[in-house]
Amino acid sequence: MTNTTISSTSVSEGPQATSPQQRLGLGEKVGYGVGDIGFNFYWANISAFLLIFYTDVFGISAAAAGTMMLITKIIDAFTDPMMGAIADRTRSRFGKFRPYLLWLALPLAGAGVLTYTTPDLDADGKLYWAYGTYSLLMLIYTGINIPYSALSGVITANSQDRTTLVSFRFIGGFTGGILVTYLTPKLVPLLGQGDDVLGWQLTMGLFGLAAALLFLCTFASTRERIQPVSTVPAPVWQDIRDLAGNKPWLVLFCLALVIMITITLRASSAVYYFKYYLQQPQLVGEFLSSYMLALALGAASTPLMTRFLPKKTLMMLLMSLAGVMSLALYFVPPDNITLVFALNLAIGFVLGPKSPLAFSMYADSADYNEWRTGRRATAMTFSAATFSQKLGGALASATIGWVLALLGYVANAEQNAGSQQGILWLMSVIPGIVALLAAAVMWCYPLSEAQVHALQQELAARRVAAEQDVSSTDISGSKT
């Protein structure tokens with residue numbers, strides 16, 4: 001096990017310095033959390049509206065749109081570890097990860113507008129445009145989101161504070177989701193004045209500017225405190241090899257993939273579910289925004305829940321409940337809107353804690369990797385979360401597109417019985433089964449709370465020893 005001893009001098013710019021183990025203030029937690037509001041101006045839009053935008057506004061077939069989203073995400077997957085490696089090796093006066101919140105905020109806004117732009121092209125041209133603009137959007141999104149995710153792993157080494165910090169992040173994320181899912185169906189016709197093409201462009205431009213301001217708030221209010229024991233960067237292939245031998249990371253990678261399939265299936269299917277199955281499209285904004293509110297309440301409850309149950313046990317319980325309730329939705333008749341909303345709120349609440357739990361465990365797995373190898377690749381570790389989320393979302397979107405095409409879906413028309421049944425399965429049975437699979441995956445997670453605490457104490461002792469060795473070397477050198 002490598003144990004290179006070097007100084008762990010922290011970045012001098014930012015809020016007042018504190019020990020990595022010192023408890024964080026409320027301002028920094030809130031400042032970190034608002035960043036995910038900005039990210040969900042994109043992510044929640046993609047999850048809930050991009051597929052139906054492609055099929056019902058841009059005029060791309062459901063199968064072609066689903067396949068496009070899958071292929072671009074697979075290509076995009078290669079950029080996640082690359083961006084993780086780049087961020088881990090970034091050196092600036094602002095730190096490793098915070099600078100990207102400044103550099104890429106406006107380019108991301110521009111790519112968002114282009115993705116929701118509909119030039120007058122033939123069928124092939126539309127598909128090429130969708131491939132190009134969506135790929136550009138996800139490339140820039142990766143460039144700013146992976147450093148943001150990794151930032152939570154270097155703000156503090158306190159395990160409970162990490163859980164709380166990530167809870168603030170996902171409260172922010174779900175708040176952004178509430179705003180997007182509630183406002184988008186209203187902003188598009190309001191800003192477009194009957195022209196949906198213009199409405200989507202202006203809506204995404206507004207969201208992009210708001211996101212850029214929120215990223216600036218996160219940049220200004222946070223500080224990077226955790227420095228690796230060794231500041232000599234390992235080769236990228238070594239980072240990948242370390243992660244391949246990191247069992248906690250591998251389990252979390254699979255878990256995030258499976259959970260995102262569940263969430264995206266329900267979010268993307270909801271618009272079709274209300275428009276074509278329940279025949280009440282006017283309620284979709286309230287349905288999705290109330291769901292996001294339930295997710296936020298669940299995320300906010302995470303620190304309280306973890307006081308009574310270990311993270312692993314809690315995750316298994318929550319995903320099992322989500323699976324059972326999703327399956328129950330299949331049996332709700334289309335005229336019982338009250339029960340549809342009630343089940344959806346309950347599912348949202350039990351799914352809310354999964355993101356804070358998973359991301360705090362990613363930080364734990366980064367500690368485990370450093371404890372095991374002497375090397376810390378925080379951004380590479382968190383790139384797995386983004387990669388698996390993207391891949392899970394792409395698989396879900398592709399599944400929706402393929403199922404709808406297979407069962408005879410026709411945009412903006414009355415659906416046949418097979419298409420309606422497929423929409424119902426996509427909203428209930430399929431995500432329910434996938435959620436139960438997530439609970440089974442979590443059973444394989446190997447780190448206990450006691451193990452995490454012990455390895456963090458050992459890492460802290462190593463850092464103290466490294467600082468003492470460097471101090472001794474400096475004193476010896478000055479006497480020479």
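Fair warning: this is a prediction, and the values are worked out from it, not measured in the lab.
Taking 4.5 Å as the limit, some side-chain heavy atom of W425 sits within range of a side-chain heavy atom of Y330. You'll find the side chain of S365 reaches within 4.5 Å of the side chain of N246, heavy atoms only. With a 4.5 Å cut-off on side-chain heavy atoms, V271 and L51 do not count as touching. For the pair L216/L101, no side-chain contact is recorded, criterion being any heavy-atom separation below 4.5 Å from C-beta on. With a 4.5 Å cut-off on side-chain heavy atoms, T218 and V34 count as touching. Within the 4.5 Å cutoff, no side-chain heavy atoms of V113 are placed close to those of W200. For the pair W371 and R462, the minimum side-chain heavy-atom distance is below 4.5 Å.
Screening D364, T306, T302 for a side-chain hydrogen bond (donor to acceptor under 3.5 Å, both in side chains) involving K311 leaves a single residue, D364.
Aromatic ring centres of W43 and Y141 lie closer together than 6.0 Å. Ring-centre distance between F58 and Y116: not below the 6.0 Å cut-off. Here the two rings, on Y148 and F215, have centers that are 6.0 Å apart or farther.
The local environment of CH2 in W103 is crowded, with over 12 non-hydrogen atoms from other residues, nucleotides or ligands closer than 6.0 Å.
Remark: the backbone N or O of T222 is not paired with any side-chain donor or acceptor of Y32 at under 3.5 angstrom.
The aromatic rings of Y272 and Y409 sit perpendicular to each other, their planes meeting at more than 60°, with 30° as the lower class boundary.
Between the side chains of R169 and S149, at least one donor-acceptor pair of N or O atoms lies under 3.5 Å.
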